[in-house]
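Below is one structure, written out as structure tokens; the observations come after it.
Small disclaimer: the values here were computed from a predicted structure and weren't measured. Chain naming here is simple, since letters A, B, ... match the order of the sequence lines and numbering starts at 1 in each.
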Number of protein chains: 2
Amino acid sequence: MNAEFRCSCPITSAIDMIGDKWSLVVIKNMLFFNLKTFKELSEANEKIATNILSSRLKGLEEKGFISKTKPSNNKKTNLYILTEKGLSLIPIIIELAIWGDTNLQNVHPSLDRDNPIEYIKLNKEKFVGVFKNQYLDNVAEITL
Amino acid sequence: MNAEFRCSCPITSAIDMIGDKWSLVVIKNMLFFNLKTFKELSEANEKIATNILSSRLKGLEEKGFISKTKPSNNKKTNLYILTEKGLSLIPIIIELAIWGDTNLQNVHPSLDRDNPIEYIKLNKEKFVGVFKNQYLDNVAEITL
DNA sequence: TATTTTTGCTTGCATTATAAAAGCAAAACA
DNA sequence: TGTTTTGCTTTTATAATGCAAGCAAAAATA
């Protein structure tokens, strides 16, 4: 057994890979809010500590979920961009969104509900593609 | 903001609820392997420590994902059974299974692949129902 | 009935993950 | 030429998880 995996179960192994407290949150903020820099990510609603953000970005890059580049006009700011592998997590993120939206209102009164989750439920597969294309369009715009 | 939730995002809140290292693993072992007792769960492939298992079972019961009962013929053994709320996590678990199966073979050579995930991919919604009914049938049998 | 084994835990301690706050160098800006 | 911004690192504290042992009540066995 690989040291980083508890066993040979694909579900448990997926959790070993991206099941920490922050990885999917960072990826979600890149995907849905187009956050791309260290500063933007550190200022997101979840208020991740900068040392944790730093270590998560390194880990996500090592694992191939994101890539780190510098824009041509700026030597300081790094851009963190989701790779195809990062985008492959969209179906998981959508299911988490639907589940949270459906099951957490009673215990979490201030939960955001101004989102189109009812539409997403009607055709999940379609929205996987929609979110992916939206993201890729946005990246293409930025890296002009 | 509720103290147990980082923010109002349903995705982040879902992770706050079930995004620890063990909750979904325990639920998966109940769902797919019909594990029902403390002993069975402690002997699963993932080798959870008994103190962690104990605290997870308490937490999952408090949150309404499982219920704890004693079978009529045994005063010692407890049975932990998934509730409807616990079963509502099936779509998330299925996406984790598909993602792990599709994306982890290269980094995890001993990953289990003797499962019907290719079929599941073809009709996810259907298999949510299939797994739920299989589980409920099994529970009905046990609690005769 | 007496003894052994099993079950479902708890306790204590070690390690790893996360958090909070401050600091800091290089680049960008004024 | 300061001053601010960015992208971190460092330090120290707390929380989550892991490991090993222990233990009482119930069940199984002799």
When you compare the protein's N or O atoms with those of nucleotides 2-4 of chain D, which come within less than 3.5 Å of each other, and at what distance?
none

Pairs where residues 95-108 of chain A contributes a residue and the test salt bridge (charged side-chain N to carboxylate O under 4.0 Å, His left out) is met, not counting sequence neighbours: A:Glu95-A:Lys124, A:Asp101-A:Arg113

- request: Look at the side chain of A:Tyr135 and the backbone N and O of A:Leu82, then say whether any donor-acceptor pair between them is shorter than 3.5 Å.
  value: yes

field: Counterpart residues, salt bridge (Lys or Arg N to Asp or Glu O under 4.0 Å), relative to A:Lys21 (two or more places apart)
entry: none

If you restrict it to nitrogen or oxygen atoms, what contacts under 3.5 Å exist between nucleotides 8-15 of chain D and the protein, and what is each distance?
residue : atom : partner : partner atom : Å
D:dC8   : OP2  : A:Asn78 : ND2          : 2.9
D:dC8   : OP2  : A:Tyr80 : OH           : 2.3
D:dT9   : OP1  : A:Lys58 : NZ           : 2.7
D:dT9   : OP2  : A:Ser54 : OG           : 2.5
D:dT9   : OP2  : A:Lys58 : NZ           : 3.1
D:dT9   : O4   : A:Thr50 : OG1          : 2.9

- request: Report yes or no: do A:Asp20 and A:Ser23 form a side-chain donor-acceptor pair below 3.5 Å?
  value: yes

Pair A:Asn78-A:Lys70, side-chain donor/acceptor within less than 3.5 Å: yes

- line: To the nearest angstrom, the CD1-C1' distance between B:Ile52 and C:dT15 comes to 12 Å

field: Distance in angstrom units between B:Glu46 CD and D:dG18 P, rounded
entry: 11 Å

query: Does A:Lys121 have any side-chain hydrogen bond (donor to acceptor under 3.5 Å, both in side chains) partners at least two apart in sequence or in another chain, and if so, which?
result: A:Thr102

Donor + acceptor pair across side chains of B:Asp16, B:Ser13 (<3.5 Å): no

For A:Thr50, side-chain hydrogen bond (donor to acceptor under 3.5 Å, both in side chains) partners two or more places apart: none

- request: Nearest whole angstrom, please: distance from the P of D:dC19 to the CZ of A:Arg6.
  value: 12 Å

Would you tabulate the side-chain donor-acceptor contacts of residues 57-65 of chain B under 3.5 Å, counting partners in other chains and residues two or more places apart, or write 'none'?
residue : atom : partner : partner atom : Å
B:Lys63 : NZ   : B:Met17 : O            : 3.4

task: For DNA chain C, find the residues of residues 11-37 of chain A with a heavy-atom distance under 4.0 Å and give them by number; none if there aren't any.
output: A:Asp20, A:Lys21, A:Trp22

field: For atom CD of A:Glu40 and atom C1' of D:dT6, their distance in whole Å
entry: 12 Å

task: Measure the acute angle between the ring planes of B:Phe5 and A:His108, then classify it against the limits of 30° and 60° as parallel, tilted or perpendicular.
output: parallel

statement: Hits for side-chain hydrogen bond (donor to acceptor under 3.5 Å, both in side chains) against B:Lys76, two or more places apart or cross-chain, chain-then-number order -> none

message: At under 4.0 Å between heavy atoms, how does the protein contact nucleotides 23-30 of chain D? Give one character per nucleotide, 5' to 3', with B, S or -.
response: --BSS---

message: Quick test of your reading: applying salt bridge (charged side-chain N to carboxylate O under 4.0 Å, His left out), list the pairs with at least one residue in residues 30-51 of chain A, sequence neighbours left out, ordered by first then second residue.
response: A:Lys28-A:Glu46, A:Lys39-A:Glu43

message: Going by side-chain hydrogen bond (donor to acceptor under 3.5 Å, both in side chains), name the residues that satisfy it together with B:Ser88, two or more places apart in sequence or in a different chain.
response: A:Trp99

- request: Can you tell me the distance, in whole Å, between the CD atom of B:Glu43 and the P atom of C:dC9?
  value: 14 Å

